[in-house]
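Structure first, commentary second.
Being a predicted model, the structure only gives us computed values, none of them experimental. Counting from 1, the numbers follow the sequence of the chain as shown.
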Amino acid sequence: MGIIPFLTMLIYSGLRLADHMEQHAKNTGWLNNTIVNEHLTNVLQNNFYTLHTIADAPTIKKYLTTGTPEDENALRQLLRSNDNLFRDNNLTAVTNMEGQQLLRSDDSPLVNVSQRRHFQEAMSGHDYVSDIIVSMSTGQMMIVMEVPVFNDQHQPIGMLQRNLNLDNLQEFITNQSEDDISILVLDQENKVIANSRPESADVEDPDYYKKIVRVMNENNGIARIELLGEKYFVTCSRNQLTNWNVATIQSSSVVYHAANEEVVRVGIIGLLLLLLVSIVAHILATRMTVPIRKICQVITDIVKGNDDEKQLSILSEDELGEMALAINEIRAMRHNMKQENDTDALTGLASRAAVEAICRQRLQEYEESFAPGMMAIFLIDLDNFKKATKEDGHQYGNRILQKFAQGLKEIFRSYDTVGHLDSDEFVVIIDHQKDLTIIKRKANEINQMARSLTIGDTNAGISASIGIAVSPQNGKTYNHLFHAADLALFAAKEKGRNTYHIAGEDEGEFAGLEGNTDSNS
């Protein structure tokens, strides 16, 4: 009679374990897709940011207009410096309005790209990321990123392109892929851009890739389908920046292999030691089910963006321990990527996205606090920055931004938020202010610091215009405060620049809260 409940329990445990393993396979697929998508987006955004920075530089505009040898040498050095910064063996090229390449950082033969779609899109004033194309100069498969170069009337006078070979993406997904998982990246025409299993590229099934993409369109991105006579779990997602498809493929036989091994092991032990079934079941539940649930929950949290830094503490030396170790490494990698996205690479200050997140969080805390005081947002714009950059070059402008950023950090407290928005625009958030005393003093210190800022032994020749918005007087939401600070910045510029303006102060919104700007902080 004891064999019946044992078999019932064995079957139930096997089905339950198989269900957990299937769910784990789906979550693992989503996790791999998310990591590849974030890597791809990060690479493209970094390249676009650099291309836009170069396209806005006076050097390239002057070269496309005059084309003197001095301008050519300066631009060639700028392109090579940019390539050295990325260290990815990719090239940067400058093309004129007729589609003829004028400069290439790799010194390969110059070609005419007027018939290429990426050139036509750029000359229409659009940024563009191509699908796979064949380089006319090297014959290699690649993708092209293109941005237009505008004159002062915002008319395209040429374009700047960066050729990205597929080796780096191939290496990344190969490292990301595990033994039983393959990852594909396909362009909009379903051509394979990268494949973690290059040996499987030549498949006999002509609909192989169509079946994979169909999962994206018909099965909400996850499905179990038959490929080459075998069942697979396929997870598909689309990269929003390029509209490319990312697919993770896992053999269902491999997914269920671990579950089947455990069921067989339990069955043999149960038949030999029927009297110890309850103990064996308890051990299985402790060693298998609970860790798997933890792992699945952590994967679900990662996919949903809940990046808790708490590590999985599964220290066993079996497959679960290896899975826990891999997930901990993935979580650490995602955390590092998030840290990079939250920090401005040039100045080391908080990025625009980080500033917005911090501001919204603090406003929420203010809503829940009984006596929070005031929170102030300083929107800072450097006067005469473009003139200094135009006269002394892009690198000189970067040194100004970096030194000004360091000056801001010295003026404000360590827990105040200091961020870099775009070009010569900065932002600072301070809170728990009882009146305008510290707010005005900090604004004066910023103006003084900007006027006295030197590069080497030479005054940089800049000043700062500052717009200040204060919560709750100027609003209680992020959008309201930044709009008020922007209007205040405009008012400061109207006053003649090199000064600050507090939104609403002239209208008497801070009556009784003016404070004394000569007080000690």
Side-chain donor or acceptor of [X] paired with backbone N/O of [Y] under 3.5 Å:
{"X": "Asn33", "Y": "Thr235", "value": "yes"}
{"X": "Glu121", "Y": "Asp127", "value": "no"}
{"X": "Ser124", "Y": "His126", "value": "no"}
{"X": "Gln170", "Y": "Asn195", "value": "yes"}
{"X": "Asn42", "Y": "Glu38", "value": "no"}
{"X": "Ser108", "Y": "Arg104", "value": "no"}
{"X": "Ser471", "Y": "Gly475", "value": "yes"}
{"X": "Ser196", "Y": "Ser182", "value": "no"}

Spatial distance of atom [atom1] ([X]) from atom [atom2] ([Y]) [nearest 0.5 Å]:
{"X": "Leu169", "Y": "Ile193", "atom1": "CG", "atom2": "CD1", "value": "7.5 Å"}
{"X": "Ile133", "Y": "Asn163", "atom1": "CD1", "atom2": "CG", "value": "6.5 Å"}
{"X": "Leu401", "Y": "Thr347", "atom1": "CG", "atom2": "OG1", "value": "8.0 Å"}
{"X": "Leu349", "Y": "Thr343", "atom1": "CG", "atom2": "OG1", "value": "9.0 Å"}
{"X": "Gln395", "Y": "Gln77", "atom1": "CD", "atom2": "CD", "value": "9.5 Å"}
{"X": "Glu356", "Y": "Tyr478", "atom1": "CD", "atom2": "OH", "value": "4.0 Å"}

Please tell me if the side chains of [X] and [Y] come closer than 4.5 Å, counting only heavy atoms from C-beta onward.
{"X": "Gln101", "Y": "Gln161", "result": "yes"}
{"X": "Ile183", "Y": "Val36", "result": "yes"}
{"X": "Leu75", "Y": "Leu78", "result": "yes"}
{"X": "Leu102", "Y": "Leu110", "result": "no"}
{"X": "Ile377", "Y": "Val428", "result": "no"}
{"X": "Leu79", "Y": "Leu160", "result": "yes"}
{"X": "Leu408", "Y": "Ile380", "result": "yes"}
{"X": "Phe48", "Y": "Met145", "result": "yes"}

So, [X] and [Y]: side-chain donor and acceptor under 3.5 Å apart, yes or no?
{"X": "Asn90", "Y": "Asn165", "answer": "yes"}
{"X": "Ser237", "Y": "Asn245", "answer": "no"}
{"X": "Asn112", "Y": "Ser114", "answer": "yes"}
{"X": "Ser351", "Y": "Asp344", "answer": "no"}
{"X": "Thr92", "Y": "Asp83", "answer": "yes"}
{"X": "Asn239", "Y": "Thr41", "answer": "yes"}
{"X": "Gln45", "Y": "Asn47", "answer": "no"}

- Task: Please lay out, stage by stage, how Leu363 and Leu481 fare under the test side chain to side chain contact (heavy atoms under 4.5 Å, CB included).
- Result: CA-CA 10 Å; Leu363 287 171; Leu481 286 177; 3.7 Å; yes

Would one find more than 12 heavy atoms of other residues, nucleotides or ligands at under 6.0 Å from atom [atom1] of [X]?
{"X": "Arg360", "atom1": "CZ", "value": "yes"}
{"X": "His52", "atom1": "NE2", "value": "yes"}
{"X": "His480", "atom1": "NE2", "value": "no"}

- Item | Asn82 vs Ile54, side chain to side chain contact (heavy atoms under 4.5 Å, CB included): CA-CA, chis, key distance, verdict | CA-CA 9 Å; Asn82 173 66; Ile54 298 175; 3.7 Å; yes

- So Phe150 and His154, would you call those rings parallel, tilted or perpendicular, with 30° and 60° as cut-offs? parallel

- Message: Classify the ring geometry of Phe412 against Phe378: parallel below 30°, tilted from 30° to 60°, perpendicular beyond 60°.
- Response: perpendicular

- Intermediate values then yes/no, side chain to side chain contact (heavy atoms under 4.5 Å, CB included), Thr59 and His394: CA-CA 9 Å; Thr59 303; His394 178 70; over 6 Å; no

So which heavy atom on [X] is nearest to which on [Y], and how close?
{"X": "Cys236", "Y": "Ala247", "value": "SG-CB, 3.8 Å"}
{"X": "Phe482", "Y": "Leu421", "value": "CE2-CD1, 4.5 Å"}
{"X": "His420", "Y": "Glu425", "value": "CD2-O, 3.3 Å"}
{"X": "Ile430", "Y": "Met375", "value": "O-CG, 3.2 Å"}
{"X": "Phe119", "Y": "Val113", "value": "CB-O, 3.2 Å"}
{"X": "Val185", "Y": "Ile173", "value": "CG2-CG2, 4.5 Å"}

- Task: Decide yes or no on salt bridge (charged side-chain N to carboxylate O under 4.0 Å, His left out) for Arg80 and Asp106, but give the supporting numbers first.
- Result: CA-CA 8 Å; Arg80 288 177 175 173; Asp106 64 347; over 6 Å; no

- Mind running salt bridge (charged side-chain N to carboxylate O under 4.0 Å, His left out) on Lys409 and Asp416 for me, showing each step along the way? CA-CA 9 Å; Lys409 289 194 289 187; Asp416 292 329; over 6 Å; no

- Task: Using the side chain to side chain contact (heavy atoms under 4.5 Å, CB included) rule, take Ile60 and Val94 through it: C-alpha gap first, then chi angles, then the decisive distance, then the call.
- Result: CA-CA 8 Å; Ile60 189 172; Val94 179; 4.0 Å; yes

- Message: Once side-chain contact (heavy atoms from CB on, under 4.5 Å) is applied, do any residues pair with Arg399, and if so which ones, sequence neighbours excluded?
- Response: Ile455

- Would Tyr128 and His118 count as a close aromatic pair, with their ring centres under 6.0 Å? no

